[in-house]
2 protein chains.
Amino acid sequence: MHTLAEENYLKALFSLENEHGEVNVNELSKRLGIKMPTVTSMMKKLAANKLVHYESYKPLKLSEKGRKEAALIIRKHRLAEMYLVEKMGFGWEQVHDIAEQIEHIQSAPFFAKMDELLGYPKIDPHGSPIPDKHGKMMWRGYNKLSDCKENETVTIIAVLNTSDDFLKFLNSKQIRLGLVVKVKSAEPFDGSMLLSYEKHPKETLSHLVCERLLVEKT
Amino acid sequence: MHTLAEENYLKALFSLENEHGEVNVNELSKRLGIKMPTVTSMMKKLAANKLVHYESYKPLKLSEKGRKEAALIIRKHRLAEMYLVEKMGFGWEQVHDIAEQIEHIQSAPFFAKMDELLGYPKIDPHGSPIPDKHGKMMWRGYNKLSDCKENETVTIIAVLNTSDDFLKFLNSKQIRLGLVVKVKSAEPFDGSMLLSYEKHPKETLSHLVCERLLVEKT
DNA sequence: GTATAATGTTAGATGAATCTAACAAAAAAA
DNA sequence: TTTTTTTGTTAGATTCATCTAACATTATAC
């Protein structure tokens with residue numbers, strides 16, 4: 001169907017659009033680690049296949065078709081991550097790179113079976129929603145921990161970075177999905193927060209970390 | 001490490017060498033569905049990487065290094081097939097194409113985990129041996145059913161073709177690994193055989209089929 | 001509102017894996 | 001042993017995804 005390269009561009013475009021609406025060539029180039037001229041020519045190719053709307057010097061935009069294709073690849077990625085964690089016993093910090101490869105497998109029965117064995121999960125091990133078979137994806141109402149006020153008590157429902165380093169750091173602090181934390185104070189100067197949870201009555205997390213933790217009011 | 005294309009050449013060379021010793025460019029070309037000139041140039045590339053011994057107009061031969069690499073890819077393929085059948089509930093006729101894709105995944109932990117969850121299997125769902133981590137592969141002492149004599153009773157221990165069509169045909173005759181069959185007669189003219197097993201007192205199989213069933217004396 | 005910086009495009013090259021057409025060698029047949 | 005067939009190689013083209021260098025446009029800063 002699509003080449004590996006095309007799939008990677010679609011996925012990156014989808015993520016960037018979700019993160020901050022408009023996407024430009026430079027951003028996409030940086031995200032993929034591919035030089036801008038290469039990105040431009042791939043955009044023309046994807047536009048010829050009606051997967052993106054492309055006009056010179058204008059922001060990039062996935063077409064409906066492109067968005068659906070992208071969501072279906074992300075569906076495969078997230079199902080794979082969930083399978084690796086739930087059925088094979090991997091930690092949430094180990095699964096990204098493996099899923100990155102599994103997501104390109106072309107076999108509807110393979111992913112249908114994974115979905116079935118997992119009991120049709122709605123979220124992956126990092127709390128991100130798994131798009132459905134039609135490419136529809138729903139985010140829960142969420143906030144960043146960094147936007148919470150003092151004395152709020154919230155539940156961590158997702159993490160916005162699936163890199164091995166970040167997740168290992170969370171592991172070392174016993175931070176996981178479902179954890180209930182109380183904001184004891186938020187430092188206006190550097191955005192760091194003092195939190196209290198379980199056996200950690202006084203744990204300070206940097207702004208960079210708090211920004212990547214999505215929470216729900218408890 | 002290696003490209004997808006290189007891996008496919010190595011695997012095909014390995015299989016052809018196991019099937020009938022010497023391999024030539026024409027055979028490899030047909031096996032892969034790739035034209036001869038392309039095969040020649042890839043042989044030069046693999047030779048430059050010390051994976052095959054190549055000399056113009058001479059038979060092709062894997063080097064020790066090449067044979068090991070190939071065996072490790074086949075190991076991944078067969079572990080994947082076993083996993084798909086044993087842990088995911090696929091039929092033996094459904095797994096070839098999926099495993100063909102999984103075998104190219106680069107992740108030692110992924111295959112180590114599969115191996116562990118399967119209890120370190122020695123054969124795949126079609127009875128073929130799974131090479132060990134060092135690329136060593138052992139075939140059991142076997143014979144083709146087509147070489148058996150009248151009145152012999154044998155156990156089917158492997159099938160030499162993993163195509164969906166062939167395996168569906170075997171399913172329709174209730175033929176599977178471990179089945180004990182008695183040769184009632186062998187037709188010298190066309191090599192077909194009359195067999196008796198379980199609820200099939202008189203089942204005739206063509207030479208083409210009998211040749212692809214490996215058996216062990218019971 | 002011009003100068004500078006950032007972003008984006010065009011043109012042309014490269015390497016991988018493929019092809020076809022033409023030629024060469026080896027094997028088989030006559 | 002000469003001819004024919006099969007097999008293998010060389011040369012050169014094509015497509016894909018990438019690059020660098022040069023140029024163009026848009027946005028930012030002074």
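Given the structure is predicted, the values throughout are model-derived calculations rather than measurements. Naming convention: chains lettered A, B, ... in sequence-line order (proteins, then strands); numbering from 1 in each chain.
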Do the side-chain N or O atoms of [X] get closer than 4.0 angstrom to the phosphate oxygens (OP1, OP2) of [N]?
{"X": "A:Tyr57", "N": "C:dA6", "value": "no"}
{"X": "A:Thr40", "N": "C:dT9", "value": "yes"}
{"X": "B:Thr3", "N": "C:dA16", "value": "no"}
{"X": "A:Tyr9", "N": "D:dC16", "value": "no"}

Given atom [atom1] of [X] and atom [atom2] of [N], what is their separation to the nearest angstrom?
{"X": "B:Lys58", "N": "D:dT9", "atom1": "NZ", "atom2": "P", "answer": "11 Å"}
{"X": "A:Asn26", "N": "D:dA24", "atom1": "CG", "atom2": "P", "answer": "20 Å"}
{"X": "A:Leu46", "N": "D:dT18", "atom1": "CG", "atom2": "P", "answer": "11 Å"}
{"X": "B:Asn49", "N": "C:dA16", "atom1": "CG", "atom2": "C1'", "answer": "13 Å"}
{"X": "A:Lys35", "N": "C:dA13", "atom1": "NZ", "atom2": "C1'", "answer": "16 Å"}
{"X": "B:Lys45", "N": "C:dA17", "atom1": "NZ", "atom2": "C1'", "answer": "8 Å"}
{"X": "A:Lys44", "N": "C:dA11", "atom1": "NZ", "atom2": "C1'", "answer": "11 Å"}
{"X": "A:Met36", "N": "D:dA21", "atom1": "CE", "atom2": "P", "answer": "14 Å"}

Nearest-nucleotide pick for A:Ala5, side chain only, options being D:dG8, D:dT18, D:dT7: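 From the listed options, D:dT18 comes nearest.
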Could you tell me whether B:Thr38 contacts a base, only the sugar-phosphate backbone, or nothing, with contacts defined as non-hydrogen atoms closer than 4.0 Å?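 Base: the residue B:Thr38, judged by heavy atoms under 4.0 Å, touches a nucleobase.
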Between B:Met42 and B:Pro37, who's closer to the 5' end of DNA chain C by nearest nucleotide?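 Whichever sits nearer the 5' end wins; that is B:Met42.
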Is it true that A:His96 and A:Thr162 share a donor-acceptor pair across their side chains at a distance under 3.5 Å?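 A:His96 and A:Thr162 do have a side-chain donor-acceptor pair below 3.5 Å.
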Consider only side-chain N and O atoms of A:Ser192 and A:Asp190, and report whether a donor and an acceptor are under 3.5 Å apart.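 Yes, A:Asp190 and A:Ser192 have a side-chain donor paired with an acceptor closer than 3.5 Å.
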N-O pairing of B:Lys50 and B:Glu69 below 4.0 Å: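 No salt bridge links B:Lys50 with B:Glu69.
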Carboxylate-amine/guanidinium proximity below 4.0 Å for B:Glu64 and B:Arg67: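 So B:Glu64 pairs with B:Arg67 through a salt bridge.
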In terms of relative ring orientation, are B:Trp92 and B:His126 parallel, tilted or perpendicular, with 30° and 60° separating the classes?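 Ring orientation of B:Trp92 relative to B:His126: parallel.
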